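Residue numbering restarts at 1 for every chain, and letters A, B, ... go by the order of the sequence lines. Small disclaimer: the values here were computed from a predicted structure and weren't measured.
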There are 2 protein chains.
Amino acid sequence: MFNPTRQIAAIPLFSGLSREQYEALSRIGVRRSSAKNERIFSEGDEGTGFYVVLAGRVKISKISAEGKEQILHFFGPGECFGEVSVFTGQGFPADAVTAAQTTLLFFPRTSFVSLIRNDPALALNMLAQLSRRLRHFAGLIEDLSLKEVPGRLAKYLLYLSGRDGDAGAVELDISKGQLASLLGTIPETLSRILAKMNRQGLIRSRGAQIQLLDRASLEEIALEGKKLP
Amino acid sequence: MFNPTRQIAAIPLFSGLSREQYEALSRIGVRRSSAKNERIFSEGDEGTGFYVVLAGRVKISKISAEGKEQILHFFGPGECFGEVSVFTGQGFPADAVTAAQTTLLFFPRTSFVSLIRNDPALALNMLAQLSRRLRHFAGLIEDLSLKEVPGRLAKYLLYLSGRDGDAGAVELDISKGQLASLLGTIPETLSRILAKMNRQGLIRSRGAQIQLLDRASLEEIALEGKKLP
DNA sequence: AAAGCGCTTTGACATAAGTCAAAGAAATGT
DNA sequence: ACATTTCTTTGACTTATGTCAAAGCGCTTT
């Protein structure tokens, strides 16, 4: 059987707390499992609490006035989302949908706030977490506003290859359409840029498998804004 | 003479605290005055603390690889900046430069953290503040990625007219070049769009004075992504 | 006034990226 | 295995926005 306290200790948001604190948290956390493509909440819904991903993946996105979807982020195991609404008391600012079979832990707003009200250490952890998130957004803004699509794609590929550890090959874990939206563009444009990068010998892609052949050039495109010819 | 405690009580970040808490804060806060266009910190500088604007205005911006400036935000009286580095312990993620004669209050990292470590209420205030900022960024991302420049400009004009309260006339408080950067574009494009909005009868602009003539159409452009012909 | 400087506007042009449409490929259900 | 749907790729075209260059305007300084 699973051990709630141990699972909570593995969540970065709650790292470094005492045994009693973990137990208090596991008492107020509510477990919830969802199949793929189930909706967790919608933009505008009242924020009654926040979620931690135990297993699986959750997609956070917004729908524009013209009906296009802009994916803001994917959250995986150990990451939390929806905390902002806990403290602002407003509705959720975006949609959340599972991108795979997913297990979540839900922390209701009222019980969590009363917990934090007595516990500076817990609050400090959350502050650091929110700060990191804020930094991430600042980077995202920079990406969207200062770089063109090939740069964003190059950066994403390098990010994936760094995380996967191995030297050259990368496996996309989302569809190309979703990747396009995550990069702030559309599938056609992404497809053309991938084809071009293949032609230039920067990558070698077959389906979701992508080998990075010329990391140096990719870095020039991602970091220095160099254009791909 | 000025009253430090009263000034601190007027800062939203610290609203609702006790007299003792205000006094503790005013003991660790360091006052600093700067003329216009003075640099507070640069991207990458070590974050030794954070700032609160008492008077004046501070511009937060990043320089892209190609050397273009993207303005992220302006902070005015009562607002704070640099807090993220206090909790992440990393360097500042952007540049900060005064946009006018400005008075700041500086809170050194170490003393502030030890203060917060003993005070859940103070931590909760900060959490709410960071959450609000996070929400703001989510909106900014949406703007940059989902809307074209006329939409962003229309939104900004409506925002200004809403804040200024009065019905129709708006006075730009930054140069058009700066406004262009804030909207993620360049002065030429901004100029053309203003000219077009004048031609369409949406606004009437002379220099930094802009009258909003057709608020309904501006809202369509800002919120529904309608194009201006 | 004149001169000089920065900001703004305008024009001609280049290009990245979106739209529309259709064909291919891959995944899914029956 | 087939049919159906969804995802991906490709092509022709449009458009918004950036680049480069020059002229205009408003400001301060002499």
Side-chain angles (χ1 to χ4, degrees), chain A residues 35-37 59 64-71 99-100 143-154 171-200 203-210 221-222 225-229, chain B residues 36-37 59 64-71 99 143-154 171-200 203-210 221-222 225-229:
Chain A
K36 185 174 175 177
N37 288 327
K59 176 181 77 177
S64 76
E66 302 104 60
K68 275 188 302 185
E69 176 188 45
Q70 161 78 28
I71 297 176
D143 291 351
L144 284 171
S145 64
L146 301 180
K147 267 199 288 281
E148 17 197 62
V149 181
R152 290 178 238 155
L153 174 59
E171 165 111 28
L172 295 182
D173 48 357
I174 52 179
S175 81
K176 290 185 180 171
Q178 301 247 299
L179 175 57
S181 166
L182 191 59
L183 298 177
T185 184
I186 56 174
E188 292 96 317
T189 297
L190 175 61
S191 186
R192 286 184 238 270
I193 292 171
L194 279 171
K196 206 187 242 179
M197 284 183 169
N198 269 296
R199 251 179 280 128
Q200 306 294 326
I203 62 173
R204 175 127 180 62
S205 75
R206 272 200 324 281
Q209 300 283 343
I210 299 180
I221 293 169
K226 209 189 115 188
K227 320 233 178 216
L228 82 161
Chain B
K36 185 174 175 176
N37 288 328
K59 177 181 76 176
S64 75
E66 302 103 60
K68 276 187 302 186
E69 177 188 45
Q70 161 77 29
I71 298 176
D143 291 351
L144 283 171
S145 63
L146 301 178
K147 267 200 288 281
E148 18 199 58
V149 183
R152 291 178 237 155
L153 173 59
E171 165 111 27
L172 295 182
D173 49 358
I174 53 179
S175 82
K176 290 184 179 170
Q178 301 247 302
L179 175 56
S181 166
L182 191 59
L183 298 177
T185 185
I186 55 174
E188 293 96 317
T189 298
L190 175 61
S191 185
R192 285 183 238 272
I193 292 171
L194 279 171
K196 205 186 241 179
M197 285 184 168
N198 269 297
R199 249 178 281 128
Q200 305 296 326
I203 61 174
R204 176 125 177 63
S205 76
R206 273 201 323 281
Q209 299 282 344
I210 299 180
I221 292 168
K226 209 188 118 189
K227 321 233 178 219
L228 82 160

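Annotation: the terminal axes of the helix from C:dA1-D:dT30 to C:dT30-D:dA1 meet at 40°, where each axis is the rotation carrying the C1' atoms of four end pairs onto the next four (5 pairs per end, rounded to 10°).
Note that CD1 of B:Ile221 is 10.0 Å distant from CD of B:Glu148, once rounded to the nearest 0.5 Å. Atom CD of B:Gln178 is separated from atom CG of B:Leu190 by 12.0 Å, given to the nearest 0.5 angstrom. Atoms OG and CG, from B:Ser191 and B:Leu179 in turn, are 11.5 Å apart once rounded to the nearest 0.5 Å.
At whole-Å resolution of the value, CG in A:Leu183 and C1' in C:dA16 are 15 Å apart. Distance, B:Glu148 CD to C:dG18 C1': 10 Å, rounded to whole Å. Atom CE of A:Met197 is separated from atom P of C:dA16 by 13 Å (rounded to the nearest Å). A straight line from CG of A:Leu190 to P of C:dA16 spans 16 Å, rounded to a whole angstrom. The distance between atom NZ of A:Lys176 and atom C1' of D:dT10, rounded to the nearest whole Å, is 13 Å. For B:Ile193 and C:dT8, the CD1 to P distance is 15 Å, given to the nearest whole Å. The CD-C1' distance, from B:Glu188 to C:dT8, rounds to 9 Å in whole Å. To the nearest angstrom, P of C:dA16 lies 13 Å from CZ of A:Arg152.
Judged by distance alone, the side chain of B:Lys176 and the main-chain N or O of B:Gly207 form a donor-acceptor pair under 3.5 Å.
Within the structure, every side-chain polar atom (N or O) of A:Thr189 is placed at least 4.0 Å from both OP1 and OP2 of C:dA16. Close to D:dA16, at under 4.0 Å from its OP1 or OP2, lies no side-chain N or O of B:Lys227.
Out of C:dT8, D:dT9, D:dA16, the shortest distance to the side chain of B:Ser175 is found at C:dT8. In the set C:dA17, D:dT17, D:dG18, the nucleotide with an atom closest to the side chain of B:Ile186 is D:dG18.
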side-chain contact (heavy atoms from CB on, under 4.5 Å) evaluation trace for B:Glu171 with B:Asp173
CA-CA 6 Å; B:Glu171 165 111 27; B:Asp173 49 358; 5.9 Å; no

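Taking for each of B:Gln178 and B:Arg192 the nucleotide of DNA chain C with the nearest heavy atom, the 5'-most of the two is the partner of B:Gln178.
In this structure, B:Leu153 and B:Leu194 have side chains that are in contact, with non-hydrogen atoms separated by less than 4.5 Å.
Scanning all heavy atoms of the two residues, the minimum distance from B:Arg152 to B:Gly184 falls at NH1-O, 3.6 Å.
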